[in-house]
Amino acid sequence: MTGTVRILQLSDTHFLDDGIEAEGGGAYNTSEAFDAVFDHVGNHDHLDMVVVTGDVADHGSAAEYRKAADAFSRFQVPVNVCPGNHDFDAAFNAGMARIGVSTSRVIEVGAWAFLFVDSSAGTMLGQENGLHIDPPGQTRLHSNGSLGAREAAWIHQMCQTTNAEHVFVWLHHPPQPTIPMCRDDAYAAEWHDILDAHAKIRGFGGGHTHIPIDYELMDRPVFVSPSLKNNFSMEPQTWLPPGYRTYEFGTDGSVNSEVQLVDDERWPRLPFGSLLSSLFQGEITFAELSEIIARRSNVTGA
Ligand SMILES: [Fe+2]
């Protein structure tokens with residue numbers, strides 16, 4: 001293939017099993033949001049691929065991955081998926097195994113090599129039998145980005161080995177995000193080292209924050225996709241409807257991307273309050289926010 005590569009990115013689809021409460025609350029009906037996004041995309045003929053950057057399932061259950069795989073299978077083009085902090089490794093890999101839906105780690109298209117990074121790899125535990133598994137309990141679910149030595153070494157190896165002229169990284173946790181709540185100096189430092197070593201990395205496509213935005217890190221663009229679970233704008237401070245991103249990758253190494261939001265009366269752009277603002281600014285933790293909400297509902301009897 002030659003010429004411009006066109007990709008559609010979904011992220012943070014957070015599919016939920018029927019009758020199960022979303023983790024953290026405040027969630028849209030993500031199946032309904034997927035249907036709205038799918039209709040909004042329209043014809044797939046112009047697309048080379050669909051990419052999904054993690055938090056595919058809200059609780060990482062097999063039933064949620066079945067829903068997700070059924071939904072992704074509706075695209076007429078290949079769909080490739082990398083995991084987020086909500087995606088437990090074994091369930092994710094088994095659940096995404098379908099014809100047309102895959103979890104490939106590298107895909108070359110034209111002048112581009114696309115790397116699909118597990119930005120939670122640094123939280124995994126090595127076993128005596130050689131497997132690496134998720135840590136027990138909710139550790140992965142509540143973790144920031146962490147590559148760890150193994151994933152970082154793999155990224156170096158791929159950048160050195162690929163024949164492609166340009167490399168683009170798909171991952172869940174964007175490196176050095178602008179939202180104070182999600183900042184993590186150790187994770188940012190891992191990416192600084194990699195970017196220092198590989199000029200052919202042209203940019204990143206991620207999710208995680210549920211705040212669609214783009215910014216630059218060491219002269220590379222970082223594009224953050226909307227989520228299907230809930231979305232927020234920081235200026236003005238409002239909720240946003242669900243959405244996705246479109247990308248055009250040029251043969252010259254250029255990347256253009258646009259946020260697409262599915263405006264609809266089901267998802268009005270209402271202002272959000274000071275509590276959510278404090279969370280995003282890193283002034284309170286997610287656990288503290290949940291405690292405050294629980295206390296208030298006890299007082300009001302809601
Ligand atoms: Fe998410």
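This one's a predicted model, so the numbers in the text were calculated from it and none came from an experiment. As the structure lists them, so they are numbered: ligands from 1, and atoms in each ligand from 1.
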Undergrad: Between Phe88 and Arg140, is there a cation-pi geometry (under 6.0 Å to ring centre, at most 45° from the normal)?
TA: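 No.
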Undergrad: Specify which N/O/S atom of Asp55 comes nearest to the Fe ion (ligand 1), by atom name.
TA: OD2
Undergrad: State the atom name: nearest N, O or S atom of Asp12 to the Fe ion (ligand 1).
TA: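 Restricting Asp12 to its N, O and S atoms, the minimum distance to the Fe ion (ligand 1) goes to OD2.
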Undergrad: Could you state the interatomic distance from CG (Asn85) to NE2 (His142), rounded to the nearest 0.5 Å?
TA: 9.0 Å
Undergrad: Would one find an N, O or S atom of His14, in either backbone or side chain, under 2.8 Å from the Fe ion (ligand 1)?
TA: yes
Undergrad: With the Fe ion (ligand 1) as the reference point, give the N/O/S atom of His210 that is nearest.
TA: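 For His210, the N/O/S atom sitting closest to the Fe ion (ligand 1) is NE2.
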Undergrad: Mind checking whether Tyr247 and Phe249 have ring centres under 6.0 Å apart?
TA: yes
Undergrad: Output the distance between atom CZ (Phe232) and atom OG (Ser227), rounded to the nearest 0.5 Å.
TA: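 Atom-to-atom, Phe232:CZ and Ser227:OG are 8.5 Å apart.
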